Engineer: 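To start, I am sharing the structure in question, which I have written as structure tokens.
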Amino acid sequence: MAIVKLAELLARDEVIAFLRGVVASGRPGNAYLFHGPAGVGKGTAALAFARALLCEGGAAGAPHAAPSLFDAPAPAAPAPVADAPRDDACGHCAACLKTGALAHPDLRLLFPVSGEEKELDATVAETLAAMRTDPLFVCQYEKAASIRLSLTRDLLRDLAFRPFEAARRVVVVRDADRMREDQYSALLKTLEEPGATTVWILTTSRPARLPATIRSRCQRVRFAALAEPVIARFLAERAKLPATPARVLAALSAGSLGRALVLREMDPIALRDEALALLEPAVRGDAAGLWKASQAFAKFGRAGRETLRRAIEFHQLWLRDLLRASCGAPREALIHRDREAEISWCWRRCCARSKATSRPTSRCSRASRGSPASGPARAPGRRTPPRGGITETARECYAPVRLDSSSGIPGAVHSRTGRRGSARRRARIRQRMIRRRWPA
Ligand SMILES: [Zn+2]
């Protein structure tokens, strides 16, 4: 995970402006809640915000909370760094170097962990080491992973002391919705504490799972999904992916850069070709071949569900390209532009098939299309069901008349096809209804 500055965040103009304004003011709030879809950069933004708050240069370096009479003397504020931005981290002071290595004593991290309690320290250290070393690290958790109670207790015990080096302490809680109720209660006390020297930054992709008492005490910062070109450019420039896989991954990620980074290790082009191979017998009309090909995707378990879901997503992207091609979109708008010839062939085949199966819409032609068993062609407009077997089209033609319950008028009738009957027929049915309801 890259520890960046606020100015280096991806396509977050409004969020960056807000956070830089907070840093420049030098008076951050007690708690912030970064919420939005998973993998859109909430954790990266939280670390960048924390880095800017802990930077020794600029406005954030000076303490603003007046100490009380009985407080211990505050640590001496470091001298401001020359040419340091007042609303962002400078990137080269001692505090920035420490936060860049996740080694600042006043920056605390809480994140969900899975595994046994006795291996907790090793798991946390391993995750932190991966975050330091891999700039493209993506936090992934098991379903049962949670923010451990023991880690929360340790953190709350440390919060009773003053910050070690900086004017304030920053606590980043990733996926804060993975906590227990008693942890939220303990957090609530510290969030409500006025004049505290701790700034809480909570991130979540499921804000509704947080208690309302926590949400109401946080300033909410919303993170929207990233645009496809932004993700494709990031994958091409930072992850060094070729243009075609980067484009396919950007479309497949649905705005989540984290998901694109995870999928990049799975050879997306091979996955796409495998998923689209399932469509070939369907396009040919080969039912037996389609059944045989679909059996390869019928795997049980979580891995099987993920494979099937990815295949369906690839099919959706293929259909999206077909729709775009049908509307005359340029080649640059297609995700699978490397398979443009197949998209054109599929679209022409769909057009030909829809023309072949389209029904005539005139009433005379519909009425004359009875089944062979229904005898000679009937006169146009006659609505008597045939005696023999009827085809589906004839069934629609001779649909029984029903009442329109929405209008509430007993005489308002129409056929199943939506065509109203003649005035004489409507009058006859209305009289019949009146006789049934109010017999003489
Ligand atoms: Zn700095």
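None of these values were measured; they are calculated from a predicted model. Any value given below was found using the heavy atoms of this structure, including those in side chains, with hydrogens, waters and symmetry copies removed. Index from 1, following the sequence. Counting starts at 1 for both ligands and their atoms, in listed order.
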Engineer: Check Pro245 against Pro268 and note the closest heavy-atom contact, atom names and distance.
Structural biologist: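 Closest pair (atom of Pro245, atom of Pro268, distance): CB-CG, 4.0 Å.
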Engineer: Is the ring pair Tyr32/Phe18 parallel, tilted or perpendicular, if the boundaries are 30 and 60 degrees?
Structural biologist: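 Tyr32 and Phe18: perpendicular rings.
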Engineer: Strictly below 4.0 Å, N to O, side chains only: are Asp321 and Arg324 in salt-bridge contact?
Structural biologist: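 No, Asp321 and Arg324 are not salt-bridged.
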Engineer: May I ask you to check whether His92 brings an N, O or S atom to under 2.8 Å from the Zn ion (ligand 1)?
Structural biologist: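 Checking His92: none of its N, O or S atoms is under 2.8 Å.
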Engineer: Angle at the Zn ion (ligand 1) between SG of Cys90 and SG of Cys93, to 10°?
Structural biologist: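 Between SG of Cys90 and SG of Cys93, at the Zn ion (ligand 1), the angle is about 110°.
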Engineer: Measure the acute angle between the ring planes of His336 and Trp318, then classify it against the limits of 30° and 60° as parallel, tilted or perpendicular.
Structural biologist: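 It falls in the tilted class, 30° to 60°.
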Engineer: Given SG of Cys96 on one side and SG of Cys55 on the other, what angle do they make at the Zn ion (ligand 1), to 10°?
Structural biologist: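 Once rounded, the angle between the two atoms at the Zn ion (ligand 1) is 110°.
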